[in-house]
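First up is the structure itself, then whatever we jot down about it.
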Amino acid sequence: MTNYMVEYTYTDDAASRDAIRPEHRAYLDSLVGTGQMLAYGRFGEDGPAGALLLVAAASAAEVESLLAEDPFVKNGIVGSHRVREWINTWGAVPR
């Protein structure tokens, strides 16, 4: 498995984001259970609304497939995203 960093940038539709958040988190938690989602969380207030996800997958294409099932993506809450291979040098995230 390879680790990938996913950066989400959300749209400005905060009301829809708040309404769909429980379903979004449940989906991400299901990926935690499979070992594919290593960590996730939103960015602070000092920039555009968005989030960082750390995903373990066989390929970037597999990450894209997982993202396509995220309720935030399905409902247009994610305006854009970026997937990059992330090489863990130190820390609690598996290498």
Say whether, by atom type as modelled, one donor and one acceptor occur between the side chain of Asn88 and the main chain of Trp90 under 3.5 angstrom. yes
Between Leu52 and Phe43, does a side-chain contact (heavy atoms from CB on, under 4.5 Å) hold up when you go through it step by step? CA-CA 7 Å; Leu52 176 74; Phe43 294 125; 3.9 Å; yes
Quick check: does any side chain N or O of Tyr4 sit under 3.5 Å from a backbone N or O of Ala60, one acting as donor and the other as acceptor? yes
Aromatic ring proximity Phe72/Tyr10, centre distance under 6.0 Å: yes
Is there a donor-acceptor contact under 3.5 Å from the side chain of Tyr40 to the main chain of Val32? no
Can any side-chain N or O of Arg17 pair as donor or acceptor with the backbone N or O of Thr11 at less than 3.5 Å? yes
Among Arg84, Arg42, Arg82, find the residue that satisfies the salt bridge (charged side-chain N to carboxylate O under 4.0 Å, His left out) test when tested with Glu7. Arg82
Taken to the nearest 0.5 Å, the spacing of Ser59 OG from Met1 CE works out to 9.5 Å
About how many Å separate CG of Leu53 and CG of Leu67, when rounded to the nearest 0.5 Å? 7.0 Å
Pro48 and Thr9 have their tightest heavy-atom pair at CB-CG2, 4.3 Å
Do the side chain of Ser16 and the main chain of Asp13 share a donor and acceptor less than 3.5 angstrom apart? no
Looking at every non-hydrogen atom in both residues, tell me the closest pair between Met5 and Trp86 and how far apart they are. N-CB, 3.9 Å
